[in-house]
Protein chains: 4
Amino acid sequence: MQAIRKAGVKRIYKHGFEAMKLRSLAEDVGIQAGSLYNYIRNKEEFLFLLLKEVLEELLEGLERELAGIDDPKEALIRFINFHLRWHTARKEEVFIGNMELRSLSKQHLQEIIRMRTEYESRLRRILERGNEAGEWSVADPQVISYSIIASLTGVCNWYSPRGRLSQDEIIAIYTDHVLGAVGAR
Amino acid sequence: MQAIRKAGVKRIYKHGFEAMKLRSLAEDVGIQAGSLYNYIRNKEEFLFLLLKEVLEELLEGLERELAGIDDPKEALIRFINFHLRWHTARKEEVFIGNMELRSLSKQHLQEIIRMRTEYESRLRRILERGNEAGEWSVADPQVISYSIIASLTGVCNWYSPRGRLSQDEIIAIYTDHVLGAVGAR
Amino acid sequence: MQAIRKAGVKRIYKHGFEAMKLRSLAEDVGIQAGSLYNYIRNKEEFLFLLLKEVLEELLEGLERELAGIDDPKEALIRFINFHLRWHTARKEEVFIGNMELRSLSKQHLQEIIRMRTEYESRLRRILERGNEAGEWSVADPQVISYSIIASLTGVCNWYSPRGRLSQDEIIAIYTDHVLGAVGAR
Amino acid sequence: MQAIRKAGVKRIYKHGFEAMKLRSLAEDVGIQAGSLYNYIRNKEEFLFLLLKEVLEELLEGLERELAGIDDPKEALIRFINFHLRWHTARKEEVFIGNMELRSLSKQHLQEIIRMRTEYESRLRRILERGNEAGEWSVADPQVISYSIIASLTGVCNWYSPRGRLSQDEIIAIYTDHVLGAVGAR
DNA sequence: TATGAATGAGGGTTCATTCAT
DNA sequence: TATGAATGAACCCTCATTCAT
């Protein structure tokens, strides 16, 4: 099953979910297409479970990262750090999570959206707490949280482990950038 | 033909390019599927022409917006303004341009990428000119240009003409945000 | 379309509806399987339309046969005559109508059942009118109408145009049999 | 094994033999599909054995019912009685025996047909003996035997233990009906 | 006897595309 | 330019059946 998951992520990342043929996926793991159905109920649900698992791990990871952190600036820095690390390390899964939502059923889409919203709201609350603490003065925490997340997530469009910049360098650049944007440099 | 274009944009935006059936597209404009081929060569080329036209207008628009502007800060402000105005006004086409690249043939993809890169490079050069002019000090203009564009483009994921914020308010928020980020507030 | 219908009846009669492959049906009429879908919406609906048309013609035929007949005995004789003629002449379609109901969707099944019930009720009413007119005395017109119809319909299990008995001989035998059964010989 | 038989009869009666999935059948008796093959050789043979057993019991039952009866009228009455009792009590198995013959292999079909023919011939011989004894005068014993059996068997299309009529009432109606038909009321 | 994973052969259906009219 | 019937290649999914454990 883990092999199917892995092969699925690779294929979906490369060709898109609709273009991924179950026959090819099966071939990747060395079984017949029909045998896949011992592990998945259907193609759409397979995608859903993939995305759900990613989001669950993402949420848990963030939870752990922010546990016990009260200072808003420290929290923001950790958020940036965590988000970038995650979105470079598991770039493929993240990419799928942004691209293939349209292939989900209505029900499944709702659940995924719910989890994403929950994740995003963590950043919004950090920004709000910073406002309250006088750490910075962000005019519209909602919009700015979207802006920051979009900006950070964009990294997985061009990041490569063999690229010019290391993870740490990227994190440094973005951290400085975002802190400047909220006025907390 | 313009009717086909319009219907195409709507359908692709709503369900994705692969999920858009030519039969449905034909129905939208009141003809039979076969008749579409009097206007398009095939489905993939239809997508390509759509995207190309959008990018051409985008590039021309930016050209006009920045014509004769030498001051980097002024240029940056105008870039933000233009990009947001465009990405809220023609949100659907922009969205497609970000999502459906995978459905293009290799050749067509290259051409689209080239145009996108050209567009992005305008912002990078603005950032570089600001560095040279001492207007700000952006550590990595390449990365920061990606960051800014991702952040601005993200607006089309949530913007609605009937939403809480007007175009102008959104522009104000983002302009302040980005200027802060580069240290030119 | 009529060719498809004809080929469909033959195949369903011979191998059963579930066993009829659309590929074979298409082959029978000299087209590809996919082309069938220019004429039918899906396999199940094809069956439904087949059965519905048969039943419509059956009902219309009976209507015409009994039009203006008041005498119950005369009506009964005509019913027997009509039913047998129909069930020998269009034996295959009738057979399908009795065998393949289980392959219909709930909705379609209901509609077919409704038409069958309507047909059966004609005989029941003839029996009732005979009771009222003192022509005969049938204890339970409902049950007896079922019994008569089952008995007559059974003919299509063994009838063959090249068999020992002609249509007319069969009709004579059954007419005498049924009249005796209701006590009107 | 008896559990499988029972579950099989139920499923086949309800959805038809082709529509009965071995997976469902296995689920009904609380095992996996593969385990069924410890009890059956394959799906088709399972059906055959089902039908054969039913017909064997039917034949034996009739044998016992008619043993030592010489009088044709008495024999006819007993035949009607037996057939109806059987076809109401074991309606589901009988129904299958009439509907699912097409799913049998050629060999198996022949054997089943042989048994059915044997059963039917008992009635034909009763009618013939009645003719010889001057008890009645049936023009075509072959056809009339088919007619009577079809009429009686039809009862399992509408009979319900909780219906308007009891088994005994139904038997009374049919007996009177058939005796009238052969002219022996 | 039971499991459960695997097989492999389709089966219905879809859909971009073609082409004679 | 429009039609509509046809193509043909695939695709997802099903299911009886097998077999190592």
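Note on naming: letters A, B, ... go to the chains in the order of the sequence lines (proteins, then strands), and numbering restarts at 1 for each one. Because only heavy atoms are used, hydrogens play no part in the values below, and waters and symmetry mates are left out as well, while side chains stay in.
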Side chain of [X] only, please: which of [options] is the nearest?
{"X": "C:R23", "options": "F:dA10, E:dA16, E:dA6", "value": "F:dA10"}
{"X": "D:K21", "options": "F:dT17, F:dC15, E:dG12", "value": "F:dC15"}
{"X": "B:N38", "options": "F:dA16, E:dT18, F:dT1", "value": "F:dT1"}
{"X": "C:I31", "options": "F:dC12, E:dT3, F:dA6", "value": "F:dA6"}

Whole-Å gap separating [atom2] ([N]) and [atom1] ([X]):
{"X": "A:I40", "N": "E:dA5", "atom1": "CD1", "atom2": "P", "result": "14 Å"}
{"X": "A:K43", "N": "F:dC13", "atom1": "NZ", "atom2": "C1'", "result": "12 Å"}
{"X": "A:R41", "N": "F:dT14", "atom1": "CZ", "atom2": "P", "result": "11 Å"}
{"X": "C:Y37", "N": "F:dA5", "atom1": "OH", "atom2": "P", "result": "17 Å"}
{"X": "B:L36", "N": "E:dC15", "atom1": "CG", "atom2": "P", "result": "14 Å"}
{"X": "B:L22", "N": "E:dT18", "atom1": "CG", "atom2": "P", "result": "11 Å"}
{"X": "A:R11", "N": "F:dC12", "atom1": "CZ", "atom2": "P", "result": "12 Å"}
{"X": "A:E27", "N": "E:dA6", "atom1": "CD", "atom2": "P", "result": "16 Å"}

Under the 3.5 Å Watson-Crick or G-U criterion, the dot-bracket string of DNA chain F, with | for inter-strand pairs: .||||||||||||||||||||

Measuring only between side-chain heavy atoms, which start at C-beta, is [X] closer than 4.5 Å to [Y]?
{"X": "A:L50", "Y": "A:I12", "answer": "yes"}
{"X": "C:H108", "Y": "C:K52", "answer": "no"}
{"X": "C:R90", "Y": "C:E57", "answer": "yes"}
{"X": "D:K6", "Y": "D:R11", "answer": "no"}

Looking at C:F48, is C:K43 sitting on its ring face, NZ or CZ under 6.0 Å from the six-membered ring centre and within 45 degrees of the normal?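 Ring-cation test returns no.
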
Does C:M20 or A:G30 map to a spot on DNA chain E nearer the 5' end, using the closest nucleotide for each?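 This one resolves to A:G30.
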
Donor-acceptor contact below 3.5 Å, side chain D:E44 vs main chain D:S105: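 Looks like yes, one N/O pair under 3.5 Å.
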
With heavy atoms under 4.0 Å as the rule, sort D:Y39 into base, sugar-phosphate or nothing.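 The answer is sugar-phosphate, as D:Y39 gets under 4.0 Å only of primed atoms, P, OP1 or OP2.
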
Within the 4.0 Å heavy-atom criterion, would you say C:M1 contacts the bases, only the backbone, or no part of the nucleic acid?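 The residue C:M1 makes no contact with any strand.
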
Closest-nucleotide 5' rank along DNA chain F - winner of C:A33 and B:S35: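 Final value for this comparison: B:S35.
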
Looking at B:E53 and B:R5, does any basic side-chain N land under 4.0 Å from a carboxylate oxygen?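 The answer is yes: the pair qualifies as a salt bridge.
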
Has B:Q32 got a side-chain N or O lying under 4.0 Å from the OP1 or OP2 atom of F:dG4?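 True: B:Q32 side-chain N/O within range (under 4.0 Å) of F:dG4 OP1/OP2.
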
